[in-house]
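Positions are given from 1 along the sequence.
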Amino acid sequence: MKVHLIGIGGTGMGAFAGLLQEAGHDVRGSDTQLFPPMSTQLEAAKIPVFEGFAPENLDWEPDFVVVGNVCGREHVEVVGAQARGLALESFPSLLEKVVLPERRALVVAGTHGKTTTSSLLTWMLQVAGQQPSALVGGVPINLGRGYLFGRGPAIVLEGDEYDTAFFDKGSKFFHYRPFRAIVTSVEFDHADIFADLDAVKAAFVRFVELIPPEGDLVVCADDAGAMEVSRAARCKVTTYRVLDSTGSEGDDPRSADYTCRVEAKRGRGMMVFEVFERGTSLGEFQTTLVGTYNLGNVLAALAVARQEGASVPALHDAVRRFLGVKRRQELLGIASGIRVVTDFAHHPTAVRLTTTAIRRRFPNGRLFVCFEPRSASSRRAVFSEGYAESFAAASRVHVGPLFRPEKIPPDLRLDPQALAKAISAHGIEALAHADVDDLAQSVLAEAAPGDTILLLSSGSFGGLGDKILKALGDAVMFATPEDLPSVHALCASYGLAPTIPGDTTETLIIREPEGAVVGCVSLRMVGPQALLFNLAIDRERRGEGLGWMLADGILRRARMLGVQQVYLVTTDATDFFAGKLGATTASVEEIDPQIRRDPNFVLGDRAVCMKIDPSYKRG
């Protein structure tokens with residue numbers, strides 16, 4: 001089957017393209033300018049993309065033309081397809097026809113947390129050996145892409161309540177044939193298509209009614225909207241909640257089917273929490289995710305994973321190793337001692353929860369929040385009051401220009417200047433900016449070592465993250481697939497074996513303002529142990545402390561991921577690792593056999609095996 005996708009660069013469309021290709025179909029698409037992570041994902045999948053829209057893009061005569069919900073009936077390729085007699089489909093309807101008849105659909109829905117929860121569930125089933133398929137509206141870091149086409153019977157779908165296409169104004173998740181479903185929350189959102197909260201609830205009620213009597217619905221016990229729509233279910237309803245530890249009824253492990261209680265911090269950068277299944281403890285779990293709301297996401301995914309037969313030990317392992325989702329509390333890089341973090345949050349509730357979580361993760365220094373009103377809802381004045389109250393955890397807020405304001409009627413349009421004044425009236429200094437460059441210069445003039453800059457946008461924010469990191473100088477950041485050739489070349493210059501990417505491997509790089517990679521280091525995790533390898537610095541930049549910056553950064557990351565012992569092999573840098581990082585000699589026998597078999601674990605004639613406790617306080 002030949003499929004052409006109009007607007008292939010969207011998160012959902014790009015992931016669907018990859019899923020169709022892995023299912024054996026010939027897939028191509030068209031779009032204007034592409035941005036990571038979708039540009040990276042499509043390039044890695046070798047899916048041809050026509051730049052720009054034109055009728056000629058359909059000359060290859062696809063069987064189906066998939067129309068995104070951003071395309072109107074006058075779109076040049078829609079008109080071209082109709083003129084040629086080509087069949088038009090939305091991606092949810094084609095998914096329903098082509099993929100779902102052979103799969104058991106596990107659908108994650110809700111106003112908040114859909115992408116993280118569906119990513120968690122996919123990863124849990126993957127770690128449990130169930131080989132799921134998946135279609136997620138984001139890029140789970142563990143998977144490196146937003147889709148999977150597995151051999152198992154289940155497919156995890158992120159269920160969106162937004163409308164489907166210009167010829168189908170029903171919600172996308174109406175097409176998803178849910179057998180098991182999660183509803184995390186129900187609030188008013190998507191003000192461009194829903195008149196009010198009752199209209200949103202009606203869509204969720206219809207979705208819940210699609211679950212067959214033999215299926216399952218998992219809902220948050222503390223979300224009034226989710227509990228209300230769950231009353232329409234014909235199936236069994238399972239509840240979850242995060243306990244409040246106040247000694248009230250809300251602290252009773254039996255107050256919902258799945259509950260958890262946060263334990264005291266252990267000093268490794270992880271949230272530690274005990275999970276209860278119908279009052280029975282499943283033991284202590286650890287996650288690098290931040291925020292009580294993310295614990296709720298873990299519980300929701302865990303409940304469905306248990307219904308799918310996942311074992312408790314597999315879930316312990318999966319939760320501990322889950323690295324999150326790109327654009328969700330993602331650390332873009334650290335430069336001049338300043339962290340730059342990005343998140344997709346754009347609803348007032350999500351903005352409040354995310355800003356609070358980042359403040360708690362980085363309690364020292366100031367928190368500068370840069371907010372771009374970009375989504376269809378966030379550009380509307382209906383949410384102005386909610387936004388004004390959502391930045392209480394920030395030190396200062398910078399409101400960016402409204403994205404494509406002409407798309408919103410003037411009488412419904414959010415006023416960035418008025419929003420900045422309203423935020424300031426709540427005690428948080430806020431400034432509105434006419435363009436992204438002005439915003440970047442303003443925040444750069446204020447930020448100092450130890451501070452955090454949080455970018456909140458549902459899009460690229462005009463490249464603000466790159467602008468800030470480039471201006472700050474050499475930035476330590478996570479390597480992307482595009483960086484790997486440069487990493488391999490740098491390692492090869494020292495005779496080191498190439499870094500093999502995988503879901504247990506992380507690579508940090510140092511990128512010069514001009515874009516060149518001048519340093520790298522990798523970490524491969526095996527249970528509580530990890531291998532540090534391929535620490536390499538461009539020879540022209542040696543002696544500047546870049547090696548220490550990278551090693552310190554990767555060891556901090558190891559601590560956050562719960563690694564208890566890091567091993568490495570070196571021939572001529574024992575003094576560096578011992579003096580700067582607290583490394584001591586180690587015997588090969590104490591190392592996990594899987595690490596000893598790793599191609600990057602090379603014991604030459606003069607090689608010394610060393611170990612580092614990631615919690616060691618380095619100077």
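Two residues are said to be in side-chain contact when any heavy atoms from C-beta on lie closer than 4.5 Å; Thr184 and Asp223 fail this criterion. Looking only at side-chain heavy atoms (C-beta outward), Phe285 and Arg320 stay at 4.5 Å or farther from each other. At least one side-chain heavy atom of Val369 sits under 4.5 Å from a side-chain heavy atom of Leu456. You'll find the side chain of Ile591 stays beyond 4.5 Å of the side chain of Lys611, heavy atoms only. Looking only at side-chain heavy atoms (C-beta outward), Arg557 and Leu508 stay at 4.5 Å or farther from each other. By the 4.5 Å heavy-atom criterion applied to side chains, Leu469 and Met477 are counted as neighbours. The shortest distance between side-chain heavy atoms of Ile500 and Pro599 falls below 4.5 Å. Counting only heavy atoms from C-beta outward, the side chains of Leu555 and Leu532 approach each other to under 4.5 Å.
The CG atom of Asn297 lies 9.0 Å from the CD1 atom of Ile182; values are rounded to the nearest 0.5 Å. With values rounded to the nearest 0.5 angstrom, Thr287 atom OG1 is found 6.0 Å from Phe273 atom CZ. In this structure, CG on Leu455 lies 10.0 Å from CG on Asp343, to the nearest 0.5 angstrom. The CZ atom of Phe533 sits 4.0 Å away from atom CG of Asn600, with the distance rounded to the nearest 0.5 Å. Note that CZ of Phe577 is 13.0 Å distant from OG1 of Thr584, once rounded to the nearest 0.5 Å. For the atom pair CG (Leu302) and CG (Leu315), the distance works out to 5.0 Å, reported to the nearest 0.5 Å.
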Discussion item. Between Leu106 and Gln307, is the side chain to side chain contact (heavy atoms under 4.5 Å, CB included) condition met? List the steps.
Written reply: CA-CA 11 Å; Leu106 314 177; Gln307 292 166 351; over 6 Å; no
Discussion item. Before you tell me yes or no, could you show the steps for Val518 and Ile537 under side chain to side chain contact (heavy atoms under 4.5 Å, CB included), namely the whole-Å CA-CA distance, both residues' side-chain angles and the distance that decides it to 0.1 Å?
Written reply: CA-CA 6 Å; Val518 294; Ile537 304 298; 5.9 Å; no
Worksheet item: For Asp317 and Arg321, what are the C-alpha separation, side-chain angles and deciding distance, and is it a salt bridge (charged side-chain N to carboxylate O under 4.0 Å, His left out)?
Response: CA-CA 6 Å; Asp317 186 34; Arg321 290 169 51 200; 3.0 Å; yes
Fill in: Verdict with reasoning, Phe391 to Phe371, per ring pair (Phe, Tyr, Trp, His ring centres under 6.0 Å)
CA-CA 10 Å; Phe391 295 94; Phe371 173 63; 5.7 Å; yes
Practice prompt. Using the side-chain hydrogen bond (donor to acceptor under 3.5 Å, both in side chains) rule, take Glu158 and Thr115 through it: C-alpha gap first, then chi angles, then the decisive distance, then the call.
Written response: CA-CA 6 Å; Glu158 179 176 337; Thr115 303; 3.0 Å; yes
Item to complete: Evaluate side-chain hydrogen bond (donor to acceptor under 3.5 Å, both in side chains) for Glu590 paired with Ser587, printing each intermediate quantity in order.
Response: CA-CA 6 Å; Glu590 66 185 87; Ser587 65; 3.1 Å; yes
Discussion item. Using side chain to side chain contact (heavy atoms under 4.5 Å, CB included), reason through Val341 and Ile453 one step at a time and then give a plain yes or no.
Written reply: CA-CA 6 Å; Val341 180; Ile453 301 173; over 6 Å; no
Discussion item. If you apply the rule side chain to side chain contact (heavy atoms under 4.5 Å, CB included), what do you find for Tyr258 with Arg278, and how did you get there?
Written reply: CA-CA 6 Å; Tyr258 287 86; Arg278 298 177 183 86; 3.6 Å; yes
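Other residues, nucleotides and ligands contribute more than 12 heavy atoms inside 6.0 Å of the CD atom of Gln131. Arg539 CZ: more than 12 foreign heavy atoms inside a 6.0 Å radius.
Evaluation of the ring-ring contact (aromatic ring centres under 6.0 Å, His included) rule for His347 yields His112, Phe383 as partners, not counting sequence neighbours. With sequence neighbours excluded, the residues that form a side chain to side chain donor-acceptor pair (under 3.5 Å) with Asp483 are Thr480, Arg511.
Looking only at distances, no side-chain donor or acceptor of Thr116 sits under 3.5 Å from a matching main-chain atom of Gly113. Proximity of a side-chain donor or acceptor of Glu308 to a complementary backbone N or O of Ala303 within less than 3.5 Å is not detected. Between the Arg241 side chain and the Thr259 main chain, no donor and acceptor come within less than 3.5 Å of each other. Arg145 contributes a side-chain N or O that, together with a main-chain N or O of Tyr147, makes up a donor-acceptor pair within less than 3.5 Å. Using modelled atom types, one side-chain atom of Trp123 and one backbone atom of Ala318 make a donor-acceptor pair closer than 3.5 Å. Listed for the Asp257 side chain is a donor-acceptor partner under 3.5 Å among the backbone atoms of Thr239. Between the side chain of Ser457 and the main chain of Gly459, a donor-acceptor pair closer than 3.5 Å is present. Put simply, the side chain of Gln529 never gets that close to the backbone of Val526: no donor and acceptor are under 3.5 Å apart. A distance-only check finds no donor-acceptor pair linking the side chain of Arg524 to the backbone of Ile595 [under 3.5 Å]. The closest donor-acceptor contact from the side chain of Tyr567 to the backbone of Ala586 lies at 3.5 Å or more, if one exists at all.
Using a cutoff of 4.0 Å between basic side-chain nitrogens and carboxylate oxygens, Lys580 and Asp552 are not scored as salt-bridged. Looking at Arg596 and Asp592, no side-chain N of the basic residue comes within less than 4.0 Å of a carboxylate O on the acidic one, giving no salt bridge. A salt bridge is absent between Arg339 and Asp451: the closest approach of a Lys/Arg side-chain nitrogen to an acidic carboxylate oxygen does not fall below 4.0 angstrom. Between Arg541 and Glu512 there is a salt bridge, since at least one side-chain N of the basic residue sits less than 4.0 Å from a carboxylate O of the acidic one.
Minimum interatomic distance between Phe601 and Leu531 (heavy atoms only, all atoms of both residues): CD1-CD1, 3.7 Å. Scanning both residues, Cys520 and Leu490, for their nearest heavy atoms gives SG-CD2, 3.9 Å. Nearest heavy-atom pair, Val563 versus Pro614, reported as atom, atom and distance to 0.1 Å: O-CG, 3.4 Å. Closest heavy-atom contact between Lys114 and Val108: O-CG1, 3.8 Å. The two residues Ser281 and Glu274 come nearest to each other via the heavy atoms OG-OE2, 2.7 Å. For the pair Ala536 and Leu550, the tightest heavy-atom approach, listed with the atom from each and the gap, is O-CD1, 4.5 Å.
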Indicate every side-chain donor-acceptor pair of residues 351-359 with a distance under 3.5 Å to a residue at least two apart or in another chain.
{"from": "Thr354", "atom 1": "OG1", "to": "Ala350", "atom 2": "O", "distance (Å)": "2.8"}
{"from": "Thr355", "atom 1": "OG1", "to": "Val351", "atom 2": "O", "distance (Å)": "2.7"}
{"from": "Thr356", "atom 1": "OG1", "to": "Arg352", "atom 2": "O", "distance (Å)": "2.8"}
{"from": "Arg359", "atom 1": "NH1", "to": "Gly365", "atom 2": "O", "distance (Å)": "3.3"}
{"from": "Arg359", "atom 1": "NH2", "to": "Phe362", "atom 2": "O", "distance (Å)": "2.7"}
{"from": "Arg359", "atom 1": "NH2", "to": "Pro363", "atom 2": "O", "distance (Å)": "3.3"}
{"from": "Arg359", "atom 1": "NH2", "to": "Gly365", "atom 2": "O", "distance (Å)": "2.7"}

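For the pairing with Arg261, the salt bridge (charged side-chain N to carboxylate O under 4.0 Å, His left out) check across Asp251, Asp252, Asp244 returns one residue only, Asp251.
A donor atom on one side chain and an acceptor atom on the other are found under 3.5 Å apart for Asn534 and Thr499.
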